[in-house]
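Inspection log for the structure reproduced underneath, given as structure tokens.
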Amino acid sequence: MSEFLHMGGYAFYVWTSYGLALAILLWQLLAPLRQHRQLLARLRRKYRQSSQAGNKS
Amino acid sequence: MRLLPKHPQRRKRLALISLLITGIAAAVALASVALKENINLFFSPSQILSGEAPKNHSFRLGGMVEEGSVKRNKNNLEVYFEVTDTVKKVPVIYTGILPDLFREGQGIVAQGKVREDGVFIASEVLAKHDENYMPPEAAQAIKDAQASNAPATTPIKEN
Amino acid sequence: MWSFFHRLASPKHFYAFAGRLIPWLGWITLLLMLAGLYTGLFVAPTDYQQGESYRIIFVHVPAAWMSMFVYMVMAISGGIGLVWKMKMADIVAASAAPIGAAFTFLALVTGSLWGKPMWGTWWIWDARLTSELILLFLYLGFIALGSAIEDKRTAANACAVLALVGLVNIPIIHYSVEWWNTLHQGSTVTRFDRPAMATSMLIPLLIMFLAYKIYFFLVLFMRTRAEILDRERNTGWVKQLVTEAS
């Protein structure tokens, strides 16, 4: 196992590459998820406000 | 043609875009042919010996490390080797740590100047690796196969 | 078939269609990634020259391929938006740009991490590395231009022209290692004869490539859905969708 982690002396380069790849791919995946959720919440608020304003007048 | 837009305005826009792309491609092609020497990373030993490389300032030399030419100085980090493009050879002296991939028969790119006696004094040596990937056993098998063929025929130059 | 594409050109239908596809793409991406990482790290043998460091290839090369593929998707859909004034094409082009930029960045950084131990340098201004860096700037320029122009239509048109102009860089990146002499080695997989790679190493590389590709469509669809909601916020169907969901 420790031999595997050692990567023949190239541990730093190999694991940094894999770590960075996973971090970037994960970030790209989660960013639109969050954006979508926030947008839905914002639109929901917006529509509620406009329908309340419509009821009052 | 079904794919072409029927609407005249769309046709016009499509034609404009095609023209734009061909124009830019042509311009870039011409520029890169004109600048070929500048885009090329290094000069080959043949180019250096025919006087194409710059005389007084630093440039890059590229080629293969000649088999059996590497000599290391025992007292310091000085290394002597010859770089070949299979036609011509240039001797190189470098002092410093070589990259892991540096070995005889492998490609290198070295930055430096040609001394008056024709020796290339390198300030930096980079290893170039080829596009072949295989496990060590496969490489050994290829070597063995070549070795068993070699005495019968002339040695095959790998390129 | 033709009417299916016509329906997809409507943001409302695209939103629903992409929403149905996303879970499938997600699971396929996860499975392919796990298979690629497993075969790449545990099954593939050591390289005869580069030892274990060559394993960076499994995250580097697919990222570099995708950086060019995503650019073509972006430029072509931008061009379609420009000629046919198709709203969905603009949305796809705008959504592809950040993903392409991420792949390009990943290719540059992992390449650097591979170059240091093997070549002996983090960076060199050879034709391959320089043209890939220009690709990153094209993506960043596309994103910056899109966010600098207020009106969505004008922004999409300007971005599409930029993307189409930059298209000329794609063959340059691909053929740079043949047209000029570079430190970067030539192509391994797309050679005319057989790929110059042992099958046990080629398989994880192709699995990772497929994983990256499905992943791209997954993220692209997620981004386009958010973008559709944002642009169509004043339409009846979005209002209905949002209020019904809550």
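A, B, ... follow the sequence lines: proteins, then strands. Residue 1 opens every chain. Values reported hereafter were calculated over all heavy atoms of this structure, with side chains retained and with hydrogens, waters and symmetry mates removed.
- Between chain A and the options C:P98, C:A102, C:A226, C:P117, heavy-atom pairs under 4.5 Å are most frequent for C:P117.
- Per-residue counts of heavy-atom pairs under 4.5 Å with chain A were compared for C:T110, C:V219, C:T29, C:I56; the largest is that of C:I56.
- Chosen from A:W15, A:Y10, A:W27, the residue pairing most often with chain C at heavy-atom distances under 4.5 Å is A:Y10.
- We find that C:R153 and C:D90 are joined by a salt bridge, their nearest charged nitrogen and carboxylate oxygen being less than 4.0 Å apart.
- For a residue to count as touching a neighbouring chain, one of its non-hydrogen atoms must lie under 4.5 Å from one of that chain's; by this rule A:R37 does not touch chain C.
- Classification of the A:Y13-C:W122 ring pair by plane angle, with boundaries at 30° and 60°, yields tilted.
- For C:Y139 and C:F105, the ring centers are positioned 6.0 Å apart or more.
- Dense packing is recorded around CH2 of C:W237, with more than 12 heavy atoms of other residues, nucleotides or ligands lying under 6.0 Å away.
- Salt bridge absent: C:R223 and C:E227 never bring a charged side-chain N and a carboxylate O closer than 4.0 Å.
- Using a 4.5 Å cut-off between heavy atoms, C:M208 does not touch chain A at all.
- Between chain A and the residues C:F103, C:F42, C:Y212, the most heavy-atom pairs under 4.5 angstrom are made by C:F42.
- The contact between C:L218 and chain A is made entirely by side chain atoms (from C-beta outward), counting heavy-atom distances below 4.5 Å.
- Your options are A:L39, A:L22, A:I24, and the one with the most heavy-atom pairs under 4.5 Å with chain C is A:L39.
- One finds a salt bridge joining C:K87 and C:E232 here, because a Lys/Arg side-chain nitrogen approaches an Asp/Glu carboxylate oxygen to under 4.0 Å.
- In this structure, no portion of C:Y54 lies under 4.5 Å from any heavy atom of chain A.
- Aromatic ring centres of C:F58 and A:Y18: separated by at least 6.0 Å.
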